[in-house]
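Comments concern the structure below.
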Amino acid sequence: MDGPRIALNKLLETMTPDRHSLDSGFFRRHATDVAQNLIGVRLTVDGVGGVIVETEAYDRTDPASHAFRGPTLANAVMFGPPAHAYVYHSYGIHWCLNFVCGPELGAAVLIRALEPTDGVEIMSARRRTTDPLKLCAGPGRLCQALAITRASHNGLPLDEPPFALSRARSAGNVASGRRIGITKGAETPWRFGLAGSPYLSRPF
DNA sequence: GTATCGATGATCT
DNA sequence: GATCATCGATACC
């Protein structure tokens with residue numbers, strides 16, 4: 001009889017309280033688990049941010065991952081403890097934010113899109129647009145909106161200011177698909193997001 | 001609406 | 001010298 005169990009799980013999921021910090025073991029799991037469970041989590045940096053609606057998982061066995069070729073100075077944070085921020089510079093122009101995951105070394109989740117909720121005016125000024133659909137839809141845009149750079153945020157723990165993470169709502173209907181913008185490992189369906197959300201960088 | 005392309009610089013080969 | 005986990009502008013349907 002799975003019916004009652006499924007109903008109970010759904011109930012427990014919707015009862016997940018707001019303003020509740022993530023469990024200390026949250027990031028000590030494989031990046032694919034973390035990536036799915038981050039959907040619906042509120043992320044703020046110095047009080048500015050929103051609810052995560054899109055993520056991608058990368059691990060050390062994955063040719064698309066920065067960790068694939070082993071540790072270097074640039075990716076060292078990926079080989080450190082989980083629940084820390086790994087920030088990298090993309091295409092010479094943008095910053096991108098990842099959350100380091102465990103249990104194995106060299107895994108992380110790329111935060112690709114937020115539904116803007118906190119400090120929308122500040123984000124609009126930083127992004128030079130008031131269109132809420134373009135504030136945090138994409139990893140580079142998101143970092144611009146939250147003022148994330150490697151110099152100020154790479155390697156910082158996620159359970160202390162300026163970061164704040166808490167579950168805003170249940171993960172909801174999580175869709176998955178191919179990751180965006182990669183050539184190697186492109187078939188691996190490790191992109192996750194809130195199905196139907198208008199705040200995605202791209203639909204699923 | 002979708003497709004393509006240039007910007008731009010750190011990192012690694 | 002090549003690569004790149006992107007974005008925004010432009011061109012064309």
Side-chain angles (χ1 to χ4, degrees), chain A residues 27 30-39 43 45 49-50 52-80 82 84-102 104-116 123-155 158 174-194 196 198-204:
Chain A
F27 291 102
H30 192 263
T32 52
D33 290 333
V34 176
Q36 294 173 70
N37 282 285
L38 278 171
I39 307 301
L43 161 66
V45 176
I52 297 170
V53 296
E54 183 182 342
T55 59
E56 284 177 359
Y58 293 85
D59 76 11
R60 195 176 181 173
T61 69
D62 169 10
S65 173
H66 292 174
F68 184 64
R69 297 165 196 279
T72 66
L73 199 56
N75 68 14
V77 172
M78 278 189 84
F79 291 88
H84 287 247
Y86 165 53
V87 181
Y88 69 88
H89 209 206
S90 176
Y91 292 90
I93 305 173
H94 306 102
W95 298 103
C96 293
L97 173 66
N98 295 254
F99 294 164
V100 177
C101 297
E104 291 101 14
L105 295 177
V109 172
L110 172 67
I111 311 302
R112 288 196 54 93
L114 306 179
E115 173 181 335
M123 292 192 282
S124 297
R126 289 170 177 164
R127 289 273 306 122
R128 302 177 191 281
T129 176
T130 56
D131 184 348
L133 300 181
K134 291 187 176 172
L135 286 182
C136 302
R141 291 168 170 174
L142 183 160
C143 282
Q144 188 180 22
L146 273 57
I148 290 169
T149 63
R150 180 169 57 200
S152 52
H153 298 97
N154 190 44
L158 298 175
V174 177
S176 64
R178 295 179 162 209
R179 295 171 296 181
I180 293 174
I182 58 172
T183 52
K184 301 164 214 158
E187 333 76 38
T188 309
W190 283 1
R191 175 178 177 237
F192 304 97
L194 181 59
Y199 300 101
L200 298 170
S201 67
R202 283 176 42 180
F204 280 83

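Order of the sequence lines sets the chain letters (A, B, ...), proteins ahead of strands, with each chain counted from 1. This structure is a prediction, so every number in the text was calculated from the model and none was measured.
A nucleotide of DNA chain C counts as in contact with chain A when one of its atoms lies under 4.0 Å from a heavy atom; the first and last such, 5' to 3', are dC4(C) to dG8(C).
What separates CG of Asn154(A) from P of dT11(B) is a distance of 10 Å, to the nearest Å. For the pair His89(A) NE2 and dT11(B) P, the computed distance is 9 Å after rounding to whole Å. Rounded to a whole Å, the NE2 atom of His94(A) is 10 Å from the C1' atom of dT8(B). Between Arg150(A) atom CZ and dG9(B) atom C1' the separation is 11 Å, expressed in whole Å. The separation between Arg69(A) atom CZ and dT13(B) atom P is 6 Å, rounded to whole Å. Rounded to whole Å, atom P of dC12(B) lies 8 Å from atom CG of Leu73(A).
If you check every strand for non-hydrogen atoms under 4.0 Å, Lys134(A) touches nothing. Residue Ala64(A) is classed as a base contact, given a heavy-atom separation below 4.0 Å to a base. If you check every strand for non-hydrogen atoms under 4.0 Å, Ser201(A) touches nothing. Nucleic acid contact class of Arg127(A) (heavy atoms, under 4.0 Å, all strands): sugar-phosphate only. As judged by a 4.0 angstrom heavy-atom cut-off over every strand, Leu110(A) is placed among the base-contacting residues.
At dC12(B), one or more side-chain N or O atoms of Thr72(A) fall inside 4.0 Å of OP1 or OP2 (strictly under the cut-off).
Note that the NE2 atom of His66(A) and the OG1 atom of Thr72(A) stand 9.5 Å from one another [nearest 0.5 Å]. Rounded to the nearest 0.5 Å, atoms CZ (Arg112(A)) and CG (Leu142(A)) are 10.0 Å apart. Between the NE2 atom of His30(A) and the CH2 atom of Trp190(A) there is a distance of 4.5 Å, given to the nearest 0.5 Å.
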- Query: Going through the checks in order, is the side-chain hydrogen bond (donor to acceptor under 3.5 Å, both in side chains) test met by Thr61(A) and Asp59(A)?
  - Reply: CA-CA 6 Å; Thr61(A) 69; Asp59(A) 76 11; 2.8 Å; yes

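Not a single donor-acceptor pair under 3.5 Å links the side chain of Asp62(A) to the backbone N or O of Tyr58(A).
Under the Watson-Crick or G-U wobble criterion, with both distances below 3.5 Å, dT8(B) is left unpaired in every strand shown.
In this structure, the side chains of Leu146(A) and Met123(A) come closer than 4.5 Å at one or more pairs of heavy atoms.
A donor-acceptor pair shorter than 3.5 Å cannot be found between the side chains of Gln144(A) and Arg126(A).
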